[in-house]
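Since the structure comes first, as structure tokens, the remarks are kept for the end.
Given the structure is predicted, the values throughout are model-derived calculations rather than measurements. Read the numbers this way: they start at 1 and go in the same order the structure lists the ligands and their atoms.
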Amino acid sequence: MRCLLSALFILSSFAISSFAAEPSADAVELYMKHCAACHGPDRLGLTGPALLPENLKRLGRKRAPGVIANGRAATQMQGFRDKLNARQIAKLVNFIFTPPKVQPKWGEDRIRASHVVYFPELAHGDATSTKPVYTADPLNLFLVVEAGDHHVTVLDGDSFEPIHRFKSRFALHGGPKYTSDGRFVYFASRDGWISKFDMYKLKTVAEIRAGVNTRNIAVSADDRYVLVGNYLPHTLVLLRADDLSLIKVIPVRDDFGTSSRVSAVYVAPPRESFIIALKDIPEIWELFYSDHPPRVFNGAVHDFHMAEGLAEKGMFPIKRIRTDDILDDFFFDQGYDNIIGTARNDKKGQVFNLIVRRKIADLDLTGMPHLGSGITWKRNGHSVMATPNIKAPYVTVIDMDTWKTIKKIETLGPGFFMRSHENTPYAWVDVFFGPNKDVMHVIDKQTLKIVKTLRPAPGKTSAHVEFTRDGRYALVSIWDMDGAIVVYDAKTLKEVKRIPMKKPVGKYNVYNKIHRSEGTSH
Ligand code: DHE
């Protein structure tokens with residue numbers, strides 16, 4: 001069997017290069033016969049994910065024939081090796097990796113048509129009168145996103161026992177976003193599905209498909225709006241946070257009509273706004289959601305005038321900040337005055353001040369910093385920030401008063417995620433890439449030295465740390481189908497417990513998120 005499959009794989013790889021031209025009519029026919037029922041006649045996805053080049057980047061062209069032939073474990077994708085030969089599989093691969101002639105549309109009609117409210121009483125009911133259906137501390141729960149079989153586990157952060165597990169949409173990405181009291185949470189899938197989940201009743205309340213290829217979501221600090229940033233189409237989608245119904249679709253384009261993908265959207269609570277980074281045009285957008293948008297922040301008067309009650313009337317003013325360089329991945333300082341983002345210049349980092357609305361510093365961040373993972377803390381009376389680097393084996397630590405690099409801490413390989421907590425002297429960073437992908441470094445936040453290097457599961461990727469609400473325990477993921485969450489005592493750095501999970505990519509503590517802890521993503 002194994003020989004047959006490898007032969008099929010080799011044949012299909014060969015066939016791909018022979019057929020990598022315009023998709024043929026029979027490829028379309030094959031697609032309609034075998035794929036359209038689950039992936040949609042327009043390739044935008046139905047019960048299965050969208051099959052467009054942008055959505056397939058992570059699978060990759062080389063692995064695609066194997067998935068078509070053998071199916072995908074823990075999903076509804078069956079193998080087609082009995083129905084399709086290598087040549088036909090190659091034709092299909094070529095077809096799905098070819099962009100459609102006309103850019104896919106996902107406008108208001110389709111968004112509205114996808115909207116489902118499963119529990120209207122939970123969407124519109126009185127949230128304050130309800131009690132959780134479990135006895136665990138609702139603020140010390142973790143949601144663990146298990147990418148292995150597309151499930152989410154609700155984990156008690158005191159007993160470290162799972163209390164619930166439910167099926168998620170295919171390929172969730174980014175952090176789930178909680179309402180300010182931790183009662184509800186929102187998830188986004190790479191295919192554009194937004195789901196609202198009730199953390200007390202443990203039920204999915206509503207869902208809507210806001211895009212074809214979505215980056216991430218943000219929830220307004222007043223819990224009234226969810227903003228979705230899309231790669232495909234080039235839109236922002238604003239939803240009501242109660243039942244996820246559509247408020248408006250905002251096309252993303254500059255004055256010349258050039259449209260852009262959205263890199264990321266985040267909420268800036270003190271500003272009552274969403275900050276939006278754009279991938280293709282050098283602008284940062286700020287969308288105000290307040291009914292009474294403030295005209296003065298920290299003593300600076302805004303140069304635009306907004307009538308009061310705008311959001312009530314369905315108007316959400318957008319301030320566009322023109323920049324010299326594209327701002328991609330970013331995070332905020334704790335006061336939400338500055339955006340620390342990537343740049344495409346040789347320095348690779350830039351700081352934007354939101355009060356004066358201009359770049360105030362370049363940062364020495366060569367490589368490919370993963371700023372969504374940046375964290376801050378206090379050191380010698382100064383605020384410092386630190387970020388891992390996806391392409392270089394070091395963590396950069398920067399003084400946030402001078403914006404100068406204090407230290408590049410050498411690691412055993414490039415890292416993806418970095419986390420800490422106010423109550424721990426350590427910052428944890430993974431080594432995500434290369435031969436040491438099973439390593440987790442623990443760094444002293446004052447000496448900036450690695451104090452311990454852990455290998456929780458030799459040979460398996462260990463990644464992404466999150467702390468309990470009191471900072472006493474650090475939870476590490478083992479990214480494997482046969483994976484786990486490994487709980488460490490954050491002081492002694494000794495293992496306390498191992499909870500089996502299926503590729504638990506990320507975990508999100510309710511308290512740390514809603515209190516916007518300096519050691520985690522917001
Ligand atoms: Fe992510 C968060 C961008 C690839 C797992 N990732 C984010 C966020 C952004 C981002 C902008 C913040 C969103 C938020 O929380 O609201 N990620 C990108 C990329 O540009 C990149 C490099 C390429 C891409 O395919 O989009 C990328 N990310 C990955 C992965 O390959 C990861 C490791 C596996 C996966 O499941 O896709 C991955 N990203 C994550 C996770 C978070 C995340 C687990 C949430 C981290 C957190 O603690 O908040």
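Protein heavy atom closest to atom 15 (O) of ligand 1, with residue, atom name and distance, is G175 N, 2.8 Å. Scanning the protein for heavy atoms near atom 41 (C) of ligand 1, the closest one is F417 CZ, 3.6 Å. What sits closest to atom 20 (O) of ligand 1 on the protein, heavy atoms only, is R215 NH2, 2.8 Å. In terms of protein heavy-atom proximity, atom 34 (C) of ligand 1 is nearest to R58 NH2, 3.6 Å. Counting protein heavy atoms only, atom 42 (C) of ligand 1 is closest to G174 CA, 3.8 Å. For atom 49 (O) of ligand 1, the closest non-hydrogen atom on the protein side is S521 OG, 2.5 Å. Taking atom 22 (C) of ligand 1 as the reference point, the nearest protein heavy-atom neighbour is F416 CZ, 4.2 Å. In terms of protein heavy atoms, atom 8 (C) of ligand 1 is closest to Y266 OH, 4.2 Å.
Residue contacts with ligand 1 for E466 are absent, since no atom lies close enough (heavy atoms, distance under 4.0 Å). Contacts between K177 and ligand 1, counted as non-hydrogen atom pairs separated by less than 4.0 Å, involve the side chain only.
When the heavy atoms of R419, R190, K513 are ranked by distance to atom 47 (C) of ligand 1, first place goes to R419. Comparing H173, K507, H464 by heavy-atom distance to atom 28 (N) of ligand 1, the nearest is H173.
A salt bridge links D364 with K408; the closest basic N to acidic carboxylate O contact falls under 4.0 Å. A salt bridge links D480 with K460: at least one charged nitrogen is closer than 4.0 Å to a carboxylate oxygen. A salt bridge does not link K491 to D489: none of the charged nitrogens lies less than 4.0 Å from a carboxylate oxygen.
Taking the six-membered ring for Trp and the full ring otherwise, H464 and Y508 have centroids separated by under 6.0 Å.
Between D329 and ligand 1, not a single N/O pair is under 3.5 Å apart. At a 3.5 angstrom cut-off on N or O pairs, N216 counts as close to ligand 1.
Within a 4.0 Å radius of atom 4 (C) of ligand 1, the protein contributes one or more non-hydrogen atoms.
At least one heavy atom of W479 sits closer than 4.0 Å to an atom of ligand 1. Every heavy atom of K57 sits 4.0 Å or more from the atoms of ligand 1.
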Test ring pair (Phe, Tyr, Trp, His ring centres under 6.0 Å) applied to F184 and Y178, step by step: CA-CA 6 Å; F184 296 102; Y178 297 101; over 10 Å; no
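Cation-pi contact between R43 and F95: present, with separation from the ring centre below 6.0 Å and deviation from the ring axis of at most 45°.
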